[in-house]
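Side chains are part of it too, since the values below use all heavy atoms of this structure and drop only hydrogens, waters and symmetry mates.
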Amino acid sequence: MRAFLRLLAVAALAAPGVSVAYPGGTPDFQTDVAPFCAACHSSRSEAALAGAGERAAKEVAERKHLSVVLSGQKGYASLTESDRRTLADQIRALDEASTVTLAAPASLLPGQTFDVRVDVTGGAGPVVGVALVDRDHRWFARPAAAAGWRVIAPPKITGPDGQLQTEWLSRRPEGFDRNLSFVNIEKIASDSSTKSWSKGSVVFTLRAPERPGVYPLAAVYLYGTEKSTVLGYTTNPVGYKEPRGGFTGGSGRVLFTPVQNITVK
């Protein structure tokens, strides 16, 4: 099944104008990422695409995703009008509850080692993505290393049960180093119908740049929405839940923290 999904992703990426989401996380990709790869996701606000003009408005969830739900296009045609309205309301509730915060020192010494904590709430699950980046922009953000930050240890991933998670990170060969600026948090299981929201956190250990200056740092939260409600997914013949809008739908989200400008002096 996993091999089939990889082939599906490759085929879709090869087709002009088509991109696919990763509603089960990125089980085979243990590496740094930037949010431009989430072209099929929607943004919570136009601010994440500042300067993109009319294109920014098209990327907002209400237009890219929820309008498709409410009009009964794609996989939503099988739902009644009432169920489509309920699904849209449940997704809006999930979005309102889904948050990401970044805790980092305001100032550091050159070359100082320090921890950064990212906390997330919500997201449909079963997997969400968290990354450190240099700015809060979908198309222009780069991994945090581009701003001079260096991740020097494997991130510590805590799931909604409060337990450390190591399985996803351990799939990367130890000899390649596991000091990534992007991770998956697994076992996320939010329920929009009962307004029960999962939580998770990641602690990244970084080293500050050697040269004094002001350096930007932000976190980005990549999450899905439709699997948080029985109206939002279908089940394939082998029992896997799939977003009702399909792998090329806009049901994923990209959410940033504000950029924190940290002084190194």
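- Side-chain contact between L206 and T113: absent, with no pair of heavy atoms (C-beta onward) separated by less than 4.5 Å.
- Within the 4.5 Å cutoff, the side chain of Y76 has no heavy atoms near those of the D83 side chain.
- Not a single donor-acceptor pair under 3.5 Å links the side chain of Q163 to the backbone N or O of P160.
- In terms of modelled atom types and a separation under 3.5 Å, the side chain of D136 and the main chain of P258 share no donor-acceptor contact.
- Residue V259 is not grouped with residue Y215 when hydrophobic side chains (ILVMFWY) are merged at heavy-atom distances under 4.5 angstrom, including chains of intermediate members.
- Side chains of D119 and Y221: a donor-acceptor N/O pair is absent below 3.5 angstrom, by distance only.
- Looking only at side-chain heavy atoms (C-beta outward), L66 and I91 come within less than 4.5 Å of each other.
- Atoms OG and CG, from S198 and D161 in turn, are 9.5 Å apart once rounded to the nearest 0.5 Å.
- Considering only heavy atoms from C-beta on, R211 stays 4.5 Å or farther from V264 through its side chain.
- Separation of the F29 and W168 ring centroids does not fall under the 6.0 Å cut-off.
- With S251 contributing its side chain and T225 its backbone, the two residues share no donor-acceptor pair below 3.5 Å.
- Residues L94 and S190 have side chains in contact (heavy-atom distance under 4.5 Å, counting atoms from C-beta outward).
- No more than 12 heavy-atom neighbours from other residues, nucleotides or ligands sit within 6.0 angstrom of CD on E96.
- With respect to the salt-bridge test (charged N to carboxylate O, under 4.0 angstrom), the residues R92 and D89 qualify.
- Among all heavy-atom pairs drawn from P209 and G148, the shortest one is CG-O, 3.4 Å.
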Pair I188-V127, side-chain contact (heavy atoms from CB on, under 4.5 Å): steps then yes or no: CA-CA 6 Å; I188 297 294; V127 180; over 6 Å; no
Could you check S78 against R244 for side chain to side chain donor-acceptor pair (under 3.5 Å), going step by step and ending with a plain yes or no? CA-CA 10 Å; S78 60; R244 187 172 291 277; 3.1 Å; yes
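- Remark: R142 CZ is loosely packed, at most 12 non-hydrogen atoms of other residues, nucleotides or ligands lying under 6.0 Å away.
- Atom CD of E226 and atom CG of L87 lie 6.0 Å apart (nearest 0.5 Å).
- Checked by atom type, the side-chain pair S43/R138 shows a donor-acceptor distance below 3.5 Å.
- For E59 and K64, the salt-bridge test passes: some basic side-chain N is under 4.0 Å from an acidic carboxylate O.
- A heavy-atom distance below 4.5 Å is not found between the side chains of P216 and R135.
- The environment of CZ in R150 is sparse: at most 12 heavy-atom neighbours from other residues, nucleotides or ligands sit within 6.0 Å.
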Verdict with reasoning, T101 to V118, per side-chain contact (heavy atoms from CB on, under 4.5 Å): CA-CA 6 Å; T101 60; V118 180; over 6 Å; no
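- You'll find the side chain of S201 reaches within 4.5 Å of the side chain of R117, heavy atoms only.
- Not a single donor-acceptor pair under 3.5 Å links the side chain of R63 to the backbone N or O of S67.
- Expressed to the nearest 0.5 Å, how far CD of Q90 lies from CG of D95 amounts to 12.5 Å.
- The hydrophobic cluster around W139 extends to L49, F140, counting ILVMFWY residues whose side-chain heavy atoms fall within less than 4.5 Å of a member.
- A continuous path of ILVMFWY side-chain contacts below 4.5 Å connects I157 to V100, so both sit in one hydrophobic cluster.
- With salt bridges taken as basic N to acidic carboxylate O contacts below 4.0 Å, none links E242 and K227.
- Between V120 and I185, the closest side-chain pair of non-hydrogen atoms falls below 4.5 Å.
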Could you walk me through whether V133 and F256 pass the side-chain contact (heavy atoms from CB on, under 4.5 Å) test, one step at a time? CA-CA 9 Å; V133 292; F256 293 91; 4.2 Å; yes
Does the pair S228 and S192 meet the rule for a side chain to side chain donor-acceptor pair (under 3.5 Å), with working shown? CA-CA 5 Å; S228 68; S192 296; 2.5 Å; yes
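- For D191 and T229, the side-chain atoms include no donor-acceptor pair closer than 3.5 Å.
- Residues V203 and L180 are members of separate hydrophobic clusters, defined by side-chain heavy-atom contacts under 4.5 angstrom among Ile, Leu, Val, Met, Phe, Trp and Tyr.
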